[in-house]
Amino acid sequence: MTTRTDGRALAGLAALLADPTRAGFCLALLDGRAWTAGELARSAGVAPSTASDHLTQLVRGGLLAEERQGRHRYVRLADASVAQLVEDLAGRAPAPATPPRTLRAASAQTSLAYARTCYDHLAGRLGVLVHDALLARGVLDRSGGLAVTPAGVAWLTDLGVPVEPLRAARRPMVRDCLDWTERRPHLAGALGAALCRRFLDLGWTTRGTGRAVRVTPAGRPALAEALALDPADLAPASRDSGPARA
């Protein structure tokens with residue numbers, strides 16, 4: 001009986017994401033912001049009443065949390081674990097076969113492939129570069145499972161990222177997250193989120209349109225020095241024109 005009940009519950013959860021509109025809402029909400037029902041309706045190209053019905057199902061299913069301010073209904077992903085679920089599923093989904101039809105869409109796709117937020121951490125080619133550079137610098141080590149090294153604690157402290165609050169967080173401190181476009185890991189977990197915030201606070205990166213992130217002119221040499229990279233490695237490249245799916 002327990003196995004049967006668990007199976008039905010899992011099937012019910014999977015059904016919430018089996019609809020393209022509901023799945024699209026969850027992908028849009030990976031930017032970490034709260035959206036209104038109207039904004040999500042426009043992003044998906046559906047009627048507000050249709051969006052409202054879908055959002056009610058997602059809230060009741062525990063994937064989204066909502067809050068109301070006056071006449072407005074705001075929704076966001078329920079928590080980091082839901083974001084992880086959506087990220088993991090998206091990373092295993094096949095790439096779309098249809099290329100962008102307009103220059104604007106192609107430009108947005110290129111920007112997302114280069115750098116974007118994945119809920120609250122960096123993703124895209126920039127996110128993968130940061131992940132790999134932290135391993136190469138010895139900030140992270142995976143010999144016994146991905147972890148911050150003693151040298152990494154010192155590096156993070158110098159960068160202005162206190163480690164103790166990250167260790168006390170309810171989520172994993174460090175975690176690999178399969179990147180949707182690079183098909184390699186970027187850094188998630190409490191540390192991934194902290195580094196994303198710190199780079200923004202330092203002015204090394206800035207938010208673009210939607211989930212896109214840009215490295216600033218002043219941030220490129222500073223970020224390259226911190227990560228022991230060539231500044232040219234941080235420049236958007238033509239190969240970023242491949243498919244981006246979020």
Side-chain angles (χ1 to χ4, degrees), residues 1-102 104-109 111-113 116-121 123-124 170-171 177-181 188 193 196 207-213 243-246:
M1 178 64 73
T2 300
T3 301
R4 183 179 179 184
T5 302
D6 288 346
R8 288 178 175 177
L10 180 58
L13 176 63
L16 287 173
L17 294 173
D19 179 87
T21 298
R22 291 194 294 271
F25 288 170
C26 290
L27 287 173
L29 290 166
L30 278 176
D31 68 356
R33 298 187 301 116
W35 290 50
T36 66
E39 289 171 335
L40 286 169
R42 288 190 292 273
S43 75
V46 298
S49 58
T50 300
S52 182
D53 290 342
H54 283 304
L55 292 174
T56 296
Q57 293 181 58
L58 290 168
V59 170
R60 287 177 177 171
L63 295 181
L64 301 186
E66 72 173 345
E67 54 187 75
R68 295 183 180 271
Q69 293 185 7
R71 295 182 295 110
H72 294 291
R73 178 193 195 188
Y74 291 88
V75 293
R76 57 166 47 90
L77 294 179
D79 53 37
S81 67
V82 173
Q84 178 181 340
L85 172 65
V86 175
E87 292 167 9
D88 288 345
L89 289 173
R92 287 160 175 76
T98 305
R101 297 182 178 180
T102 65
R104 181 177 180 180
S107 177
Q109 188 179 70
S111 297
L112 287 173
R116 63 185 181 274
T117 52
C118 185
Y119 189 53
D120 59 2
H121 54 272
R170 297 180 63 182
R171 61 199 293 192
C177 180
L178 180 63
D179 196 89
W180 299 355
T181 49
C196 183
R207 294 187 182 275
T209 302
R211 292 173 56 199
V213 172
R245 298 180 297 137

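Of all the heavy atoms in Ala212 and Leu112, the pair that sits closest is N-CD2, 3.8 Å. Scanning all heavy atoms of the two residues, the minimum distance from Leu40 to Phe25 falls at O-CE2, 3.2 Å. Across all their heavy atoms, Tyr119 and Asp79 have their closest contact at OH-C, 3.7 Å.
Pro48 places none of its side-chain heavy atoms less than 4.5 Å from the side chain of Arg42. The shortest distance between side-chain heavy atoms of Arg116 and Asp179 falls below 4.5 Å. The closest side-chain heavy-atom distance from Cys26 to Leu17 is below 4.5 Å.
In this structure, CG on Leu29 lies 10.0 Å from CD on Glu39, to the nearest 0.5 angstrom. In this structure, CG in Leu27 is found 10.0 Å from CD in Glu87, a value given to the nearest 0.5 Å. Taking OG1 of Thr117 as the reference point, atom CZ of Arg207 lies at 5.5 Å (rounded to 0.5 Å).
Under the side chain to side chain contact (heavy atoms under 4.5 Å, CB included) criterion, Arg33 pairs with Asp31, Trp35, not counting sequence neighbours. Legend: residues meeting side chain to side chain contact (heavy atoms under 4.5 Å, CB included) with Ala188, ordered by chain and number and at least two apart, are His121, Arg175, Cys177.
Side chain of Arg76 to main chain of Ala65: no donor-acceptor pair is present (N/O by atom type, distance under 3.5 Å, no hydrogens or angles).
Here Arg171 pairs with Asp120 in a salt bridge; the nearest charged N to carboxylate O distance falls below 4.0 Å.
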Please report, to 0.1 Å, the donor-acceptor pairs under 3.5 Å made by any side chain of residues 52-63, with sequence neighbours excluded.
| from | atom 1 | to | atom 2 | distance (Å) |
| --- | --- | --- | --- | --- |
| Ser52 | OG | Arg73 | NH1 | 3.4 |
| His54 | ND1 | Arg22 | NH1 | 3.0 |
| Thr56 | OG1 | Ser52 | O | 3.0 |
| Thr56 | OG1 | Arg73 | NH2 | 3.3 |
| Gln57 | OE1 | Arg22 | NH1 | 3.4 |

